[in-house]
Amino acid sequence: MSNALILDGKSLARSIELSLKERVNAFNLRTGKTPLLATILVGSDPASATYVKMKGNACARVGMLSRKIELPDSTTTEELLSQIQELNEDPQVNGILLQHPVPKQINERLAFDAISLDKDVDGVTCLGFGRMAMGEQAYGSATPAGIMKILDHYNISLEGKHAVVVGRSPILGKPMALMLLNRNATVTICHSKTKDLPSIIKEADILVGAVGKPKFIQGNWIKQGAVVIDAGYHPGNVGDIDLEAAIPNCSAYTPVPGGVGPMTIASLICQTMESAEKSI
Ligand code: NAP
């Protein structure tokens, strides 16, 4: 039986939603308006469709509006850009979520960067990323922002700790590393060209797995007492870390499911609320 603390993202997300519900209500009474998140789904990937649906459902649970825009697989970059521009100009829209990934023919970076900074509640624009990195006000990328909320909620101290982030994607690994750095952790970023990954992971006080490969990080790579965050999610309810084998070494860990996933959505809707409040 392990004594490791379960970092319960599901129940934290639930309590965030409860307080958001009150905030939405108060905002509505004060302004006569309801915060609105626009979601754009391009193509027919079933996993992406499920993620978008979950985000819409979360909006409904807290009393926010969501507007679902579905575009066909054949959408061009220009068509997507013009859709984003329309949403940028619509005063009713407080946040824009473009579901990643988009079909191959689309220039995703161009599309992300077309989202205006004040509506970039998923933290995907280069400008938002740069501002976040410099410690200026910006909405953080939703998954790492959710992970930071979990670490803070459970009072996991970061200062002077060695944090190892495995993965450097623009939406997860990179912003995660900078958020941890901004909180005075000493950060190592690993990727597919990293040599001797197990020995680097063995040095981690805080480990974030964001590799995109099921159970890739092995239990015996984890240092005794490490805090383990598994951002991965794969069919069969497994993450990027072989959690079952890792738990005996951890002091705390995020379960899969019920760890990082619900907090990504909670961050997204919190940031939509903030955007609505700032728009007044
Ligand atoms: P991604 O874009 O595929 O990035 C994967 C990263 O892992 C890349 O930086 C890659 O390195 C690195 N990598 C691949 N093989 C490696 C290896 N052998 N050793 C070390 N690093 C390696 O994935 P992502 O979008 O960041 O997602 C990562 C995971 O998080 C996935 O499991 C995804 O399902 C999950 N996720 C969850 C949520 C959520 O809400 N819970 C949200 C987003 C993502 P290179 O840069 O060198 O290629």
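Whatever order the structure lists them in is the order used to number ligands and atoms, beginning at 1. These numbers were taken from a predicted model, which means no experiment stands behind them.
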Interfacing atoms of ligand 1 (cut-off 4.0 Å, heavy-atom, G261): 41 (N)
Close-contact set for ligand 1 against H234 heavy atoms, below 4.0 Å: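 Per the distance check, 32 (O).
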Can a salt bridge be assigned to the pair [X] and [Y] using a cut-off of 4.0 Å between side-chain N and carboxylate O?
| X | Y | result |
| --- | --- | --- |
| R183 | D152 | yes |
| K215 | D240 | no |
| K68 | E70 | yes |

So, 4.0 Å and heavy atoms of [X]: is ligand 1 close enough to count as a contact?
| X | result |
| --- | --- |
| A210 | yes |
| M263 | no |
| T194 | no |

Identify which of [options] has a heavy atom lying nearest to [atom].
| atom | options | value |
| --- | --- | --- |
| atom 33 (C) of ligand 1 | F216, Y51, Y233 | Y233 |
| atom 46 (O) of ligand 1 | M54, H191, R168 | R168 |
| atom 1 (P) of ligand 1 | G212, A142, G146, S169 | S169 |
| atom 11 (O) of ligand 1 | G209, S192, G167 | S192 |

What residue and atom, counting heavy atoms only, is the protein's closest point to [atom], and at what distance?
| atom | result |
| --- | --- |
| atom 38 (C) of ligand 1 | T143 OG1, 3.9 Å |
| atom 40 (O) of ligand 1 | T264 OG1, 2.9 Å |
| atom 15 (N) of ligand 1 | K213 NZ, 3.1 Å |
| atom 37 (C) of ligand 1 | A231 O, 3.0 Å |
| atom 14 (C) of ligand 1 | V211 CG1, 3.8 Å |

The single option from Q92, R67, K119 passing side-chain contact (heavy atoms from CB on, under 4.5 Å) against L87: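 Result: among Q92, R67, K119, R67 is the only option passing the side-chain contact (heavy atoms from CB on, under 4.5 Å) with L87.
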Atom pair OG/CG of S66 and L37 - distance to nearest 0.5 Å: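 Interatomic distance, S66 OG to L37 CG, rounded to 0.5 Å: 6.5 Å.
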Close N or O approach (H100, ligand 1; < 3.5 Å): no
Test of proximity, D240 against ligand 1: N or O pairs below 3.5 Å: yes
Heavy atoms from other residues, nucleotides or ligands near NZ of K10 exceed 12 (cutoff 6.0 Å): no
K278 NZ: over 12 foreign heavy atoms closer than 6.0 Å: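 Above 12, so yes.
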Flag, side chain of D205 to backbone of H162, donor-acceptor distance under 3.5 Å: yes
Stepwise side chain to side chain contact (heavy atoms under 4.5 Å, CB included) test for I222 and I217: CA-CA 9 Å; I222 313 273; I217 296 172; 4.2 Å; yes
Part of L172 with heavy atoms under 4.0 Å of ligand 1, whether side chain, backbone, both or neither: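 The side chain, only.
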With L178 via side chain to side chain contact (heavy atoms under 4.5 Å, CB included) - residues at least two apart: F129, M132, A133, L181
Between N94 and T272: side-chain donor-acceptor atoms closer than 3.5 Å: no
